[in-house]
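Throughout, a chain's letter reflects where its sequence line sits, starting with A, and its residues are numbered from 1. Note that the structure is predicted; figures quoted are calculated from it, not measured.
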Amino acid sequence: MEKTFNPHAIERSWYQTWEEKGYFAPSGEGNSYTIMIPPPNVTGSLHMGHAFQDSIMDALIRYQRMKGNNTLWQVGTDHAGIATQMVVERKIQAEEGKTRHDYGREAFTDKIWEWKEESGDNITRQLRRLGASVDWDNERFTMDPGFYKAVQEVFVRLHKDDLIYRGKRLVNWDPKLHTAISDLEVENKDVNGHMWHLRYPLADGEKTSEGKDYIVVATTRPETMLGDAGVAVNAEDERYKALIGKDILLPLVNRRIPIVADEHADMEKGTGCVKITPAHDFNDNEVGKRCNLPMISIMTLNGDIRDEAETFNSDGTVNSEIDTHIPEQYHGMERFAARKQIVADFDAAGLLEEIKDHDLTVPYGDRSGVVIEPLLTDQWFVRAAPLAGPAIKAVEDGEIQFVPKQYENMYFSWMRDIQDWCISRQLWWGHRIPAWYDDEGNIYVARSEEEVREQNNIPADVALRQDDDVLDTWFSSALWTFGTLGWPEATERLKTFHPTDVLVTGFDIIFFWVARMIMMTMHFMKDDEGKPQVPFKHVYITGLIRDESGDKMSKSKGNVLDPLDMIDGIELEDLVKKRCGNMMQPQLATKIEKRTRKAFPEGISAHGTDALRYTLYSLASTGRDINWDMKRLEGYRNFCNKIWNAANYVQMNTKDEDCGQNGGDIELTLADRWITSRLQRVEAQVEKNIADFRLDHASQNLYDFIWNEYCAWYLELSKPVLWDENAPAELKRGTRRTLVRVLEAITRLIHPFMPYISEEVWQNIKVEAGVEGETVMTQSYPVLDEGKLDELAEQDIEWLKGFITGIRNIRAELNIGPNKELNVLIRNLSPDDQRRLTDNTAFLQSLAKLTDITVLSEGEKAPMSTTQLVGKMEVLVPMAGLIDKEKEVARLSKEVEKLNKEVSRFEGKLSNEKFISNAKPDVVEKERNKLKDALSAQERLNEQLNAIKAL
RNA sequence: AGGCGGUUAGCUCAGUUGGUUAGAGCGCGUCGUUGACAUCGACGAGGUCGGCAGUUCGAAUCUGCUACUGCCUACCA
């Protein structure tokens, strides 16, 4: 083995070997255990969040595989409709100056397929670098032919069950991307805006109670007034009650619109009068339905003012009675320009009452970044409420459990008030909706055009046209758990691996994905008794990885960390180039460059996959935000190095040596029995913490055990035995065997977390450890063997550690070098102390660098010494030649002072009647013992202090 | 406006059912390299657990209020 851990050298070959040998494919004899990877965007690249979640999934899968279960980690990618289409649109714009319309639908989608082929393996290559043990043989894509079949089937069946419908509805329209988007894709932002108070003249000479011939409405979007269909007031509102049923003469367009009564109008808010624009506002749309007001659509798909309004009745049918006239000066005007113009025109007409500053929330498209316009369009919807019922119940009944549990609230609150889901998108990249239209406007839904003709007896000469729209990406990803396994066919894979065990994902897509997956799966997947199957039993929600100061990582902030840079390292100049290249706003680049140079003055050094993964596990607590910390990455790189060097030491002492693998008598030292016992404990801890999805704790357990017990103490304790030429062969054999076997167990324990270093070390020691096999990946995971627990050995070693630490304390305080040999005196020994002393003389001499250890008899006078207590036993180091009386007095006084405080605290507690009578007896007993110990220590130290003072 | 989190050492975070002197890593200080490891070792300093009140023999932990902070949902004529 190399002297220093070099991750690059070992990671390279192992992954390839594992994959080639087919270790990732399901093969275990035990129960099935399935995880579906949340499919990343096919043309995307791996970010920290992926690395985090995928590392967690890999640990769980590797753990279950080692437990002998039939594990499937299903891998695949998502076509990611809008995101991918936008990438390619930008690309052709930049490279060829063309838009998708220059290409036309077919040629453009071909272009996307090309791009997918070109860049699609980027993300899978990165997954491999992470060590992800996914089943590559069955990789899926949400637009592969099989998946398309599942999507079609679901659409057709939902439509048949009346759970999908088409209708003219108000939807969130993105005027830049020219598509409808769902509520979830709208990002609400607070902005400073204005509220315009506009005068709407009353028709027919009517007057308000105050004698005015107009009423005042307030609006934040004056341009929509062109589509006003009425003005609402509250039926209880004394100010306007009398006007209900009268008309308004809408300014600028001179349309007569009624004053209606509706609860939506709040007497306390604004002026109490609300303009109602059913075609351009969600609330107004509801009012329109209640009050039977028409929908007057005045905007184009670009968000410009139309030349002529389109009008519909509140039930969506065409209305041909209303005047569709729009004044010419607004035709084709961009919506925000129209806003200005209309305000100006109101002002000019003397109808602008007032402008107020107003903070409001404005909807933006999360992809396009432009203001979303509620617009009337024909769209397909999923009726969500009926699907939500069983999905809610599954979580209520605990069939699906969220980890951490608090996320169930989020799920419930959304699901219990779920709105219909707009699933059609006016894009070109995605699953085309399986619906066809004839020239008469009839709609047919079926799996194919042939099926439509067949089912409806439509002859071949009647033209049918398929719907142009595609489905929301999340519609197909909602089928991920069963679509990937071969549904709608009743495949063996589906039978074996569904329902899956755990879904690992971020809270940001609970609504987008998790909830919809539950709804879809429970509707389509039934068990043998016809009961709905859940898609997964646990939903493990991870936190979001943020940068070191808690900010979300984003390209425009220039704080994105690439997991592969953590693994391989990157030069500063390359990092700067990477972060500042392709910036939309060049002035940002300067800022980002500065920031990057400050944060990483020397670039980023290579840390290796194992260190990255271990850092991620250690951060995987239950919090919602996880702040990335380079220092922790360094710490775990050092941990890798520690393991490496320990292995190096073990190998030096066991290679070609007798480790008992060929038989022979074995005698175990106290240290051997101790570390074996401690190993059992850590095995139990790790098992529990993995079961609880607390990988942060599991990784901490292993870190502590490996570094602070195995390396810091056990390896040191092995030296006196191995270096003692006179030690009996069976003793050396026992220590060598323990040394190598515990390390072998460590490699198995740590394998799910650190796949590479564990494999490399395991391969190097497996012969000496007496195990056979091709890879640690398929070895059994260590489990607690109660027969190997050794309570007494653990206590004895604690005593030994206390003794040694005591001596080290003295050395540090008196400035005695670690290599200077010391003699010590001991007194006040219990029988246990006596036994331990006899048994461990060799360890003590070696680890504490002691020559003589002399036991003083009762009352025997000691020379002037410095003292440490090990339990009640006193350890004295004669100070002749080392003496610093004042220093020692100060030290002891401080100790005594501390003890005094303790004593008075315990005494106070124990003299409290209520404590004695209320606290559990064992707690009281414990306190009593503590007091006793403190008192005796106090006494000993006081004696010592007086003795020194007396000198 | 409603909901859910967070607030513990200089920094990043653990702390399971209330019960030793509240822990870890990093950072900091002192000392130390001839035999696994300076990507290391030994020792140490550092916290009235956001604030107030309450329940209790006992509160970082339970309850109420409050401050700051983050997110989610809804509304904003």
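A sub-4.0 Å separation between OP1 or OP2 of B:rU56 and a side-chain N or O of A:N918 is absent. Proximity of A:N188 to the phosphate of B:rC76: no side-chain N or O atom is located under 4.0 Å from OP1 or OP2.
Among the nucleotides B:rU73, B:rC43, B:rC57, the one closest to any side-chain atom of A:L184 is B:rU73. Of the candidate nucleotides B:rC4, B:rU20, B:rC71, B:rU20 has the atom lying nearest to any side-chain atom of A:K930.
What separates CD of A:E907 from P of B:rG58 is a distance of 19 Å, to the nearest Å. Atom CZ in A:R546 sits about 16 Å away from atom C1' in B:rC13, given to the nearest Å. Rounded to whole Å, atom P of B:rC72 lies 15 Å from atom CD of A:Q406. At whole-Å resolution of the value, CD in A:E408 and P in B:rG5 are 12 Å apart. Atom CD in A:E187 sits roughly 11 Å away from atom P in B:rC71 (whole-Å rounding). As rounded to whole Å, 16 Å separates atom P of B:rG3 from atom CZ of A:F511. Regarding A:E268, its CD atom lies at a distance of 16 Å from the C1' atom of B:rC75, rounded to whole Å. Atom CD1 of A:I916 and atom C1' of B:rG58 are 12 Å apart (whole Å).
At the heavy-atom level, A:T361 lies under 4.0 Å from base atoms of the strands shown. Counting any heavy atom pair closer than 4.0 Å across all strands shown, A:E913 reaches no nucleic acid atom. No engagement by A:R221 is indicated, since no non-hydrogen atom pair under 4.0 Å with the nucleic acid exists.
Taking atom P on both B:rU63 and B:rG23, the two are 25 Å apart, rounded to the nearest angstrom. For the C1' atom pair drawn from B:rU33 and B:rU69, the interatomic distance equals 48 Å after rounding to whole Å. Nucleotides B:rC75 and B:rA22 are separated by 44 Å at their C1' atoms, to the nearest Å. A distance of about 14 Å separates the P atoms of B:rG51 and B:rG10, rounded to the whole Å. Taking atom P in both B:rC31 and B:rU16, one finds a spacing of 39 Å when rounded to whole Å. Nucleotides B:rC13 and B:rU56 have their C1' atoms positioned 30 Å apart, rounded to a whole Å. To the nearest whole angstrom, the two P atoms, one in B:rC43 and one in B:rU55, are 45 Å apart. With C1' as the reference atom, B:rU20 and B:rA59 are 16 Å apart, rounded to whole Å.
Between A:S413 and A:I626, the residue anchored closer to the 5' end of RNA chain B is A:S413, taking for each the nucleotide with the nearest heavy atom. Between A:K688 and A:R808, the residue anchored closer to the 5' end of RNA chain B is A:K688, taking for each the nucleotide with the nearest heavy atom.
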Using salt bridge (Lys or Arg N to Asp or Glu O under 4.0 Å), reason through A:R239 and A:D237 one step at a time and then give a plain yes or no.
CA-CA 5 Å; A:R239 293 171 294 180; A:D237 197 328; 2.9 Å; yes
For the pair A:D228 and A:T277, evaluate side-chain hydrogen bond (donor to acceptor under 3.5 Å, both in side chains) and give the outcome as yes or no after the intermediate values.
CA-CA 4 Å; A:D228 280 1; A:T277 323; 2.6 Å; yes
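Within the cation-pi definition used here (under 6.0 Å to the ring centroid, within 45° of the axis), A:K642 does not qualify as a partner of A:Y703.
Heavy-atom minimum distance, A:V875 versus A:I807: CG1-CD1, 3.7 Å. Considering all non-hydrogen atoms of both residues, A:W628 and A:M553 come closest at CB-CE, 4.2 Å.
A:E744 and A:T747 share no side-chain donor-acceptor pair at under 3.5 Å.
In this structure, the side chain of A:R516 engages the main chain of A:F512 through a donor-acceptor pair within 3.5 Å. The backbone N or O of A:A848 lies less than 3.5 Å from a partner atom in the side chain of A:R811, making a donor-acceptor pair. Formation of a donor-acceptor pair under 3.5 Å by the A:Q651 side chain with backbone atoms of A:N764 is found in this model.
Under the rule for a ring pair (Phe, Tyr, Trp, His ring centres under 6.0 Å), the partners of A:Y411 that lie at least two apart in sequence or sit in another chain are A:F402. Evaluation of the ring pair (Phe, Tyr, Trp, His ring centres under 6.0 Å) rule for A:W723 yields no partner, not counting sequence neighbours.
Between A:W644 and A:F5, the ring planes lie tilted relative to each other; the angle falls in the 30° to 60° range.
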Determine, for nucleotides 23-39 of chain B in 5'-to-3' order, which nucleotides have protein heavy atoms under 4.0 Å from the base (write B), from only the sugar-phosphate (write S), or from neither (write -).
-SSS--------BBB-B
Watson-Crick or G-U pairs under 3.5 Å in RNA chain B, rendered as dot-bracket with [ ] for crossing pairs and | for another strand
(((((((..((((.....[...)))).(((((.......))))).....(((((..]....))))))))))))....
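Interface residues of residues 604-624 of chain A facing RNA chain B, ordered by number: A:S621, A:R624; criterion, heavy-atom separation under 4.0 Å.
Interatomic distance, CG of A:L743 versus OG1 of A:T654, reported as 8.5 Å (0.5 Å rounding).
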Going by atom type alone, with no hydrogens or angles, which donor-acceptor pairs under 3.5 Å involve a side-chain atom of residues 186-198 of chain A and a protein atom two or more places apart or on another chain?
from	atom 1	to	atom 2	distance (Å)
A:D190	OD1	A:T361	OG1	3.2
A:H194	ND1	A:D357	OD1	3.2

